[in-house]
Amino acid sequence: MFLAEFSKQGAHDNGEFFTPPSIVQTIVNVIEPDHGVIFDPACGSGGMFVQSSHFIEDAGQDTMKRVTFYGHEKNETTARLAQINLAVHGLQGTIRAGNEAITYYKDPHELVGKCDFVMANPPFNVDEVDADKIKGDKRLPFGLPGVNKAKKVSNANYLWLSYFYSYLNEAGRAGVVMSSQASSAGRDEATVRQKLVETGAVDVMIDIRGNFFYTRTVPCQLWFFDRAKEKDETRRDYLLMLDARSVFRKVSRAVCDFSPEQQKNIAAIVWLYRGQPDRFLRLVESYLTHAIADGEAAMVPLGAFSAALERLVALTEPFAKLKRENDPLGEPWAEFSSAHTTVTKDIGSFSKEASVQTKAWRDAGRDNDGLNAVRLGLHSLADRCRDLTKQIDLVAKLGARAIDIAVRELDARDSDAWDGGDVNKARKALESTRVDAVEALRLARHFVRQADWLQERFPDAKLRDVEGLVKLVDRATINANDWSLTPGRYVGVAPEELDEDFDFEETLRAIHIDLKGLNEEATELMARIDKNFEELGA
């Protein structure tokens with residue numbers, strides 16, 4: 001967290017941006033850096049190294065026995081932070097610090113052709129590199145991307161891309177964050193891009209929407225190289241184009257990221273591209289396992305909510321049933337009682353459905369057909385999660401409204417049938433258990449929806465083109481499109497998805513309840529104001 005906050009303040013000048021963890025994890029998931037030399041020539045605070053280590057450790061391996069980390073960072077303070085970050089995680093690496101020119105004009109670790117993995121988020125769109133100093137550099141096998149009148153490289157994006165390619169050994173992989181401008185840049189940059197594509201090493205392109213960076217709204221793209229693909233006749237002429245701009249979650253009003261499941265789902269598409277359906281199916285299976293387990297586990301917070309609700313009803317019912325003329329509590333209490341009956345019944349139905357699905361899961365096959373069948377069966381449980389969540393929220397809101405009317409309009413605190421202290425405790429307990437119950441239901445439904453996301457798009461556990469998301473593109477098609485590597489140019493536009501969670505009737509009802517409460521508060525406030533004016537003799 002400290003490193004993220006530091007980078008928000010400092011790493012956003014001259015085209016530099018702190019790399020969000022979800023983007024780093026996506027790069028790791030695609031290139032799978034689990035052995036050999038890992039190099040980040042713009043390493044910042046070392047996040048790429050740490051995430052690589054997590055990937056290796058998750059596979060049960062010892063990072064320092066599997067890999068060697070090399071990095072370069074122009075800012076010496078940030079380089080020291082990288083060393084600290086590595087040390088905190090029990091890691092070691094060789095990180096050179098100094099002027100940025102070292103990276104542009106020199107190979108500080110002499111790693112050309114030696115790297116198993118290159119990971120980087122280099123500065124975007126730099127235009128100050130001296131062209132004369134890099135002529136003939138062995139890291140530029142495709143030539144200079146373009147030189148301006150001041151004898152500067154017009155844009156260093158393709159210097160970086162050429163360097164990354166050159167650092168890789170014959171089976172090396174690279175994952176790079178790059179400006180969205182680079183994938184369709186023209187003139188000399190297009191020539192370099194064509195040569196890169198013609199090697200066969202360009203493997204996957206991923207479009208990322210704006211607002212992923214903490215300090216800038218710019219979109220970006222992830223470029224992936226796989227030099228082993230150059231000699232693979234079945235793969236070398238194809239690229240995977242993945243437009244992930246519609247895949248995100250909101251972290252705040254100004255920042256988005258990939259959720260852990262979205263990161264895995266993107267990786268699952270790449271697994272299918274690489275002919276690894278077993279990994280795809282294991283991920284689907286893990287989602288269904290979570291959904292079943294979370295559905296069963298939800299009974300505990302649902303039970304606590306039910307008990308809290310019964311306690312609140314028991315404490316407030318004696319006062320609510322007192323005889324009064326023109327009782328303002330009559331209708332609100334009736335609504336609350338009705339919602340109480342409904343939610344109690346729905347909790348019982350949910351329990352039975354969870355048991356049915358648990359049994360179906362135990363008896364199901366773990367092949368694609370079996371997983372599909374279980375997933376479809378879980379839709380009924382997911383629907384109950386959605387409906388029960390609405391009922392829980394509604395009964396809690398109605399209960400709170402009934403209490404407010406009793407206290408404000410009927411002076412409930414003065415009644416022997418009302419224990420204000422116990423009622424307040426019960427109200428707080430209901431809200432606390434409501435939060436827990438709603439979250440438990442959300443989790444169960446969430447994992448069903450993740451399985452849906454994968455199997456609806458890839459029903460046969462095989463890669464296929466999905467409009468607006470992914471397309472396998474051959475080199476001839478790329479040639480016909482000016483060698484553009486912009487995924488959105490190939491995958492098309494995704495069909496608009498309906499919000500299945502939006503229920504107009506329920507939303508209107510909730511607004512109506514809130515409006516009633518606001519009107520009652522406004523009436524009470526006006527009465528107080530009138531009384532105050534009378535006392536002032538106005």
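Both backbone and side-chain heavy atoms feed into the values below; hydrogens, waters and symmetry mates do not.
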Which residue pairs pass the salt bridge (Lys or Arg N to Asp or Glu O under 4.0 Å) test when at least one of the two sits in residues 459-473, sequence neighbours left out?
D465-K471
When rounded to the nearest 0.5 angstrom, what distance separates CG in L378 from CZ in R445?
12.5 Å
Could you walk me through whether R139 and D107 pass salt bridge (charged side-chain N to carboxylate O under 4.0 Å, His left out), step by step?
CA-CA 9 Å; R139 297 174 298 167; D107 174 9; 5.3 Å; no
Which residues satisfy the ring pair (Phe, Tyr, Trp, His ring centres under 6.0 Å) test with F164, sequence neighbours excluded?
W160
Close side-chain approach of M48 and I27, heavy atoms under 4.5 Å
yes
Should the pair K133 and Y105 be classed as cation-pi, given the thresholds of under 6.0 Å to the six-membered ring centre and 45° from the axis?
yes
Listed by chain and number, what are the side chain to side chain contact (heavy atoms under 4.5 Å, CB included) partners of P20, not counting sequence neighbours?
I23, F213
Less than 4.5 Å apart, any side-chain heavy atom of D188 and any of L144?
no
Counting C-beta onward and ignoring hydrogens, is there a side-chain heavy-atom pair between R375 and V284 closer than 4.5 Å?
no
Taking the side chain as every heavy atom from C-beta outward, state whether I269 and L463 have any pair of such atoms under 4.5 Å apart.
yes
When you compare the side chains of S184 and T486, does any donor N or O come within less than 3.5 Å of an acceptor on the partner?
yes
Taking the side chain as every heavy atom from C-beta outward, state whether L239 and F224 have any pair of such atoms under 4.5 Å apart.
no
State whether D278 and R282 are salt-bridged, where the test is any N-O pair (Lys NZ or Arg NE/NH1/NH2 against Asp/Glu carboxylate O) under 4.0 Å.
yes
Taking the six-membered ring for Trp and the single ring otherwise, decide whether the centroids of F258 and F212 are under 6.0 Å apart.
yes
Measuring from D207:CG to L242:CG, what's the distance to the nearest 0.5 Å?
9.0 Å
If you measure only the distance, is there a donor-acceptor pair under 3.5 Å linking the side chains of Y165 and R227?
yes
Decide side-chain contact (heavy atoms from CB on, under 4.5 Å) for N368 and Q455; before the verdict, give the C-alpha distance in whole Å, the side-chain angles of both, and the deciding distance to 0.1 Å.
CA-CA 9 Å; N368 191 50; Q455 290 201 301; 3.2 Å; yes
Using a distance-only test with no angle check, is there a side-chain donor-acceptor pair under 3.5 angstrom linking D232 and T234?
yes
Just wondering, are more than 12 heavy atoms of other shown residues or ligands nearer than 6.0 Å to NZ in K138?
no
Is the closest side-chain donor-acceptor distance between R80 and Q83 under 3.5 Å?
no
Assess the pair F117 and H35: is the distance between their ring centroids shorter than 6.0 Å?
yes
Examine the side chains of E261 and Q450 and answer whether a donor and an acceptor come within less than 3.5 Å of each other.
no
Any luck finding a side-chain donor-acceptor pair between D474 and T477 under 3.5 Å?
yes
With a cut-off of under 6.0 Å to the ring centre and 45° to the axis, is R209 in cation-pi contact with F248?
yes
Which residue pairs pass the ring-ring contact (aromatic ring centres under 6.0 Å, His included) test with at least one member in residues 457-496, sequence neighbours excluded?
none
Do we see a donor-acceptor contact under 3.5 Å between the side chains of E57 and Q61?
no
Consider only side-chain N and O atoms of H379 and D452, and report whether a donor and an acceptor are under 3.5 Å apart.
yes
State, yes or no, whether a side-chain contact exists between T389 and R442 at a heavy-atom distance under 4.5 Å.
no
Within residues 267-291 or reaching into it, pairs that qualify as ring-ring contact (aromatic ring centres under 6.0 Å, His included) - sequence neighbours excluded:
H290-F447
Provide the full list of salt bridge (Lys or Arg N to Asp or Glu O under 4.0 Å) pairs with a residue in residues 108-131, sequence neighbours left out, each pair given once.
none
Aromatic ring centroids of F69 and F39 under 6.0 Å?
no
E456 atom CD, over 12 foreign heavy atoms within 6.0 Å
yes
Would you say the side chain of D226 lies within less than 4.5 Å of the side chain of R235, judging by non-hydrogen atoms?
yes
Below 4.5 Å, heavy atoms only, C-beta onward: do R249 and D257 meet side chain to side chain?
yes
Strictly by modelled atom types, are Q221 and S180 linked by a side-chain donor-acceptor pair under 3.5 Å?
no
State, without any angle test, whether Y238 and R475 hold a side-chain donor-acceptor pair at a distance under 3.5 Å.
no
How are the rings of H89 and H54 set relative to one another: parallel (under 30°), tilted (30 to 60°) or perpendicular (over 60°)?
perpendicular
For residues N155 and Q181, is any side-chain donor paired with an opposing acceptor at under 3.5 Å?
no
Lys/Arg-Asp/Glu bridge criterion (N-O < 4.0 Å) met for R236, E230
no
